[in-house]
Amino acid sequence: MARTKIKEILKGNLIDQTVNVKGWVRTFRNNSFIALNDGSSIHNLQAVVNFETTDDNILKRITPGACISVTGLLIASQGKGQTVEIKVTDIEIYGDSESDVSKSHSYPLQPKAHSLEYLREIAHLRFRTNTFGAVFRVRHTLAYAIHKFFNDKGFVYLHTPIITSSDAEGAGEMFRVTTLDTKNPPLTDEKEVDYKQDFFGKSTNLTVSGQLEGELGAMAFSDVYTFGPTFRAENSNTTRHLAEFWMIEPEMAFFDLKDNMALAEEMLKFVITYALENNKEDIDFLSQRLFDEEKQKPQADRSELTLLEKLHFCLGNEFAKITYTEAIDILRESNHNKKKKFQYIIEGWGADLQSEHERYLVEKHFKKPVILTDYPKDIKSFYMRQNEDGKTVAAMDILFPGIGEIIGGSQREERLEKLENRMNEMNIPTHDLQWYLDTRRFGTCPHAGFGLGFERLVLFVTGMTNIRDVIAFPRTPNNCEF
RNA sequence: UCCUUCUUAGCUCAGCUGGUUAGAGCACAUGACUGUUAAUCAUGGGGUCCCUGGUUCGAGUCCAGGAGAGGGAGCCA
């Protein structure tokens with residue numbers, strides 16, 4: 001008979017009907033009660049077998065991790081933990097799972113709590129836990145919500161290339177893409193590697209950003225966005241960085257910095273709302289999980305709000321919007337600065353903010369998301385639009401509590417001469433980027449865009465604290481398992 | 001890359017100023033029980049104390065080097 005997903009069964013509409021359910025055993029209690037999960041819901045379905053009429057050899061094979069198919073009558077549960085349960089009449093075992101830990105290949109997920117660090121070592125199986133099941137269902141919903149948000153606004157989803165030949169963006173170290181023999185590469189007369197003989201006839205890398213290509217799209221479709229993998233070969237070892245991550249980069253013609261900020265805030269609130277509406281049970285679970293974890297910490301280190309409260313607080317308040325210059329004033333005048341509690345004391349205008357400063361603004365001063373704008377031009381990228389003061393650019397960073405920078409964006413410099421001058425000042429070779437400069441030559445217009453680090457968004461919405469726990473198979477320095 | 005903490009049973013950890021047979025909880029196995037909720041009760045098995053070298057009568061414990069992991073910083077999304 002046709003299989004029904006557990007999420008559907010748990011709605012309770014199929015009561016008193018015979019149903020078939022397939023999934024993986026979480027626990028088997030009392031020789032009778034199977035907690036079955038098929039990933040459609042955080043909740044398990046209880047399947048009750050009659051051990052007196054079931055073959056012992058079958059009962060012994062109902063172990064954590066085993067994949068089974070059960071058929072039976074869906075009835076109101078006599079027990080307290082659930083409303084419905086299946087009274088099993090037929091059981092088929094698709095795949096056994098060795099539970100005896102003394103055997104060489106036993107199922108690594110025991111019916112007990114495991115640390116996130118341990119689960120990270122078995123990332124191929126961690127989806128089968130409550131926490132990671134919830135995280136990855138939420139991740140899916142957020143991805144879908146992003147597409148929905150932009151689609152509903154008439155944006156075109158532009159697939160920008162993953163292999164690029166431009167290394168002029170300065171967004172970070174790049175991974176080289178080559179088919180040359182690394183032991184014996186062809187050399188030029190100058191004894192350098194001759195990339196003219198490489199696959200593409202030139203030196204190529206994995207993309208660090210689709211923004212420049214995105215701008216080309218915005219100059220035709222008005223509104224585009226990209227959503228794809230991005231690569232940085234930085235030796236970053238933190239809970240917020242990955243070598244391979246997913247980035248969303250919208251680019252809008254006729255947008256100035258204010259429009260850009262408004263869109264970013266609207267998008268973040270939309271996708272968080274969408275996840276709360278469509279993954280309520282998962283987020284409830286994650287909120288409780290975080291609450292239980294926080295209870296282990298000393299009181300001073302605990303966060304004041306639960307995950308759910310944090311998400312609702314974020315939705316219910318306008319993001320604080322201040323300029324870099326205002327931020328420097330706030331920081332300089334803060335007691336924190338005067339009492340020299342910062343490791344880096346704020347003295348003057350022009351220095352980049354350290355993460356301790358960003359955290360102070362977000363978590364202590366404003367206590368909500370903060371959009372910082374108009375940074376000094378010398379600490380920002382060449383393509384950002386120069387302000388009238390000659391010192392700052394129309395940049396914006398959105399800072400989230402616990403995460404730091406979740407979005408970086410700007411109004412772009414649409415004036416050809418100003419852009420070329422800035423590129424020359426910053427030693428960006430213009431000859432490689434003529435295609436980019438063409439947008440400024442042929443029908444240039446004011447435009448703006450931003451980049452959202454998808455995993456950082458997932459971190460915020462799930463309350464997880466390590467970015468390696470919100471991407472299926474994390475790639476970080478010295479780690480490329482699975 | 002820098003700073004810092006850690007590495008002991010399948011998992012999570014305890015193991016004091018170095019001392020002779022290295023412990024706990026959970027998991028696992030066996031049995032009992034049979035409407036449980038990570039069931040309960042009883043019994044049991046299970047260790048290259050991360051690796052290499054050193055100090056010492058004696059090292060899980062001290063020292064040096066290495067490997068791996070966590071947290072923080074930088075870079076950023």
Peer 1: Take A:Gln82 and A:Ile379, find for each the nucleotide of RNA chain B with the closest heavy atom, and name the residue whose nucleotide sits nearer the 5' end.
Peer 2: A:Gln82
Peer 1: Any side-chain donor-acceptor pair under 3.5 Å between A:His447 and A:Glu215?
Peer 2: yes
Peer 1: Testing A:Phe270, A:Phe155, A:Tyr225 one by one against A:His147 for a ring-ring contact (aromatic ring centres under 6.0 Å, His included), which residue passes?
Peer 2: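 Among A:Phe270, A:Phe155, A:Tyr225, the one that satisfies the ring-ring contact (aromatic ring centres under 6.0 Å, His included) with A:His147 is A:Tyr225.
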Peer 1: Can you tell me if A:Asn30 and A:Ser32 form a side-chain donor-acceptor pair at under 3.5 Å?
Peer 2: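 Side chains of A:Asn30 and A:Ser32: no pair found under 3.5 Å.
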Peer 1: So does A:Ser236 get a side-chain nitrogen or oxygen closer than 4.0 Å to the phosphate oxygens (OP1/OP2) of B:G74?
Peer 2: no
Peer 1: Does A:Ser32 or A:Phe28 map to a spot on RNA chain B nearer the 5' end, using the closest nucleotide for each?
Peer 2: A:Ser32
Peer 1: What is the distance, rounded to the nearest whole Å, between atom CZ of A:Phe231 and atom C1' of B:A77?
Peer 2: 14 Å
Peer 1: Taking the side chain as every heavy atom from C-beta outward, state whether A:Asp56 and A:Leu59 have any pair of such atoms under 4.5 Å apart.
Peer 2: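 Counting from C-beta outward, A:Asp56 and A:Leu59 do come under 4.5 Å.
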Peer 1: Listed in order of residue number, which residues of residues 39-58 of chain A have a non-hydrogen atom at under 4.0 Å from RNA chain B?
Peer 2: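 Here the set is A:Gln46, A:Phe51.
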Peer 1: Output the single nucleotide from B:G35, B:A77, B:C76 whose closest atom is nearest the side chain of A:Phe33.
Peer 2: B:G35
Peer 1: Using the C1' atom in both, what is the distance from B:A22 to B:C16, to the nearest Å?
Peer 2: 15 Å
Peer 1: Is any side-chain heavy atom of A:Leu372 less than 4.5 Å from a side-chain heavy atom of A:Lys321?
Peer 2: no
Peer 1: Compare side-chain N and O positions of A:Asn30 against OP1 and OP2 of B:U36 and report whether any pair is under 4.0 Å apart.
Peer 2: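 Looking at the OP1 and OP2 atoms of B:U36, neither is under 4.0 Å from any side-chain N or O of A:Asn30.
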Peer 1: Please give the distance between the P atoms of B:A9 and B:C49 as a whole number of Å.
Peer 2: 9 Å
Peer 1: Can a side-chain donor-acceptor contact be found between A:Gln354 and A:Glu358 if the only test is distance below 3.5 angstrom?
Peer 2: no
Peer 1: With the threshold set at under 4.0 Å for non-hydrogen atoms, list the residues of residues 120-147 of chain A touching RNA chain B in residue-number order.
Peer 2: A:Arg120
Peer 1: State whether A:Thr27 places a side-chain N or O below 4.0 Å from either non-bridging phosphate oxygen (OP1 or OP2) of B:A39.
Peer 2: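 Result: yes.
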Peer 1: Give the rounded distance in Å between these two atoms: CG of A:Leu452 and C1' of B:A77.
Peer 2: 8 Å
Peer 1: Considering only atom C1', compute the distance from B:C50 to B:A42 and round it to an integer number of Å.
Peer 2: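 Taking atom C1' in both B:C50 and B:A42, they lie 36 Å apart.
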Peer 1: How far, in whole Å, is B:U52 from B:C11 if one measures between their C1' atoms?
Peer 2: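 It works out to 28 Å between them.
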Peer 1: Rounded to whole angstrom, note down the P distance from B:U12 over to B:U7.
Peer 2: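 Going atom to atom, P in each nucleotide, I get 12 Å.
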Peer 1: Can you tell me whether the side chain of A:His241 and the base of B:C76 have a donor-acceptor pair closer than 3.5 Å?
Peer 2: yes
Peer 1: Answer yes when A:Asp378 and A:Arg422 have at least one side-chain N-carboxylate O distance shorter than 4.0 Å, and no when they do not.
Peer 2: yes
Peer 1: Using OP1 and OP2 only, check whether a side-chain N or O of A:Ser77 sits under 4.0 Å from B:G35.
Peer 2: no
Peer 1: Can you say whether the rings of A:Tyr274 and A:Tyr144 are parallel (under 30°), tilted (30 to 60°) or perpendicular (over 60°)?
Peer 2: tilted
Peer 1: Does a nitrogen or oxygen in the side chain of A:Arg29 sit under 4.0 Å from OP1 or OP2 of B:U36?
Peer 2: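 For B:U36, neither OP1 nor OP2 has a side-chain N or O of A:Arg29 closer than 4.0 Å.
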Peer 1: Taking any heavy-atom pair under 4.0 Å as a contact, classify A:Ile248: base, sugar-phosphate, or nothing.
Peer 2: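 Nothing, no nucleic acid heavy atom in range.
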Peer 1: OP1 or OP2 of B:C11 versus the side-chain N and O atoms of A:Ser115: is any pair under 4.0 Å?
Peer 2: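 Negative; the distance criterion is not met.
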Peer 1: Taking the minimum atom-to-atom distance to the side chain of A:Thr239, which one of B:A77, B:A73, B:G71 wins?
Peer 2: B:G71
Peer 1: Quote, to the nearest angstrom, the P distance that separates B:G54 from B:A39.
Peer 2: 50 Å
Peer 1: Nearest-Å distance, CD (A:Glu249) to C1' (B:A77)?
Peer 2: 9 Å
Peer 1: Taking atom types as they are modelled, would you say the side chain of A:Gln343 forms a donor-acceptor pair with the base of B:G72 within the 3.5 Å cutoff?
Peer 2: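 No, no donor-acceptor pair under 3.5 Å.
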Peer 1: Any heavy-atom pair between the side chains of A:Cys314 and A:Phe319 that's under 4.5 Å?
Peer 2: yes
Peer 1: Looking at residues at least two apart in the chain, or sitting in another chain, which of them share a side chain to side chain donor-acceptor pair (under 3.5 Å) with A:Thr392?
Peer 2: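 Applying side chain to side chain donor-acceptor pair (under 3.5 Å) to A:Thr392 gives A:Asn387, A:Asp389.
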Peer 1: Which nucleotide sits closest to the side chain of A:Tyr118: B:A77, B:C11, B:C28?
Peer 2: B:C11
Peer 1: Would you call the rings of A:Phe132 and A:Phe136 parallel, tilted or perpendicular, taking 30° and 60° as the class edges?
Peer 2: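 A:Phe132 and A:Phe136: parallel rings.
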Peer 1: Nearest whole Å is fine: how far is B:A77 P from A:Ile471 CD1?
Peer 2: 17 Å
Peer 1: Using a heavy-atom cut-off of under 4.0 Å over every strand shown, decide if A:Gly451 touches base, sugar-phosphate, or nothing.
Peer 2: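 Contact class for A:Gly451: sugar-phosphate only.
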Peer 1: Salt-bridge test for A:Asp292 and A:Lys295: reply yes if a basic N is under 4.0 Å from a carboxylate O, no otherwise.
Peer 2: yes
Peer 1: Parallel, tilted or perpendicular: which one describes the rings of A:Tyr436 and A:Phe382, with boundaries at 30° and 60°?
Peer 2: perpendicular
Peer 1: In whole angstrom, what separates A:Glu244's CD from B:A77's P?
Peer 2: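 Atom CD in A:Glu244 sits about 17 Å away from atom P in B:A77.
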Peer 1: Using atom C1' in both nucleotides, what's the gap between B:G23 and B:C41 to the nearest angstrom?
Peer 2: 23 Å
Peer 1: Pick the P atom in B:A64 and in B:A69, then give their distance to the nearest Å.
Peer 2: 22 Å
Peer 1: Hey, what's the ring geometry for A:Tyr375 with A:Tyr324, parallel, tilted or perpendicular (30° and 60° as the breaks)?
Peer 2: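 Because their plane-to-plane angle lies in the 30° to 60° range, the rings of A:Tyr375 and A:Tyr324 count as tilted.
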Peer 1: If I take atom CG in residue A:Asn479 and atom C1' in nucleotide B:A67, what distance separates them, rounded to the nearest angstrom?
Peer 2: 15 Å
Peer 1: Please work out whether the ring planes of A:Phe482 and A:Phe473 are parallel, tilted or perpendicular, with thresholds of 30° and 60°.
Peer 2: tilted
Peer 1: Going by number, which of residues 453-469 of chain A have a non-hydrogen atom under 4.0 Å from RNA chain B?
Peer 2: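 By residue number: A:Gly453, A:Arg456, A:Asn466, A:Arg468.
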Peer 1: Anything below 3.5 Å on both distances counts as a pair; with that, list the stems of at least three consecutive Watson-Crick or G-U pairs involving RNA chain B.
Peer 2: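 When the pairs of RNA chain B are grouped into runs of at least three, the stems are B:1-7 with B:67-73, B:10-13 with B:23-26, B:28-32 with B:40-44, B:50-54 with B:62-66.
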Peer 1: Flag the pair A:Phe400 / A:Ile398 as yes when at least one side-chain heavy-atom distance between them is below 4.5 Å, and no otherwise.
Peer 2: yes
Peer 1: Would you say that A:Ser236 contacts A:Pro477 through its side chain, given a criterion of any heavy-atom pair below 4.5 Å between the two side chains?
Peer 2: no
Peer 1: Angle between ring planes, A:Tyr360 versus A:His336, binned at 30° and 60°: parallel, tilted or perpendicular?
Peer 2: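 Ring orientation of A:Tyr360 relative to A:His336: tilted.
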Peer 1: Would you say the side-chain atoms of A:Thr160 and A:Glu213 include a donor-acceptor pair closer than 3.5 Å?
Peer 2: no
Peer 1: Which residues within residues 96-110 of chain A lie with some heavy atom under 4.0 Å of an atom in RNA chain B?
Peer 2: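 Nucleic-acid contacts, sorted: A:Ser99, A:Asp100, A:Val101, A:Gln110.
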Peer 1: What is the distance, rounded to the nearest whole Å, between atom CG of A:Leu59 and atom C1' of B:G31?
Peer 2: 16 Å
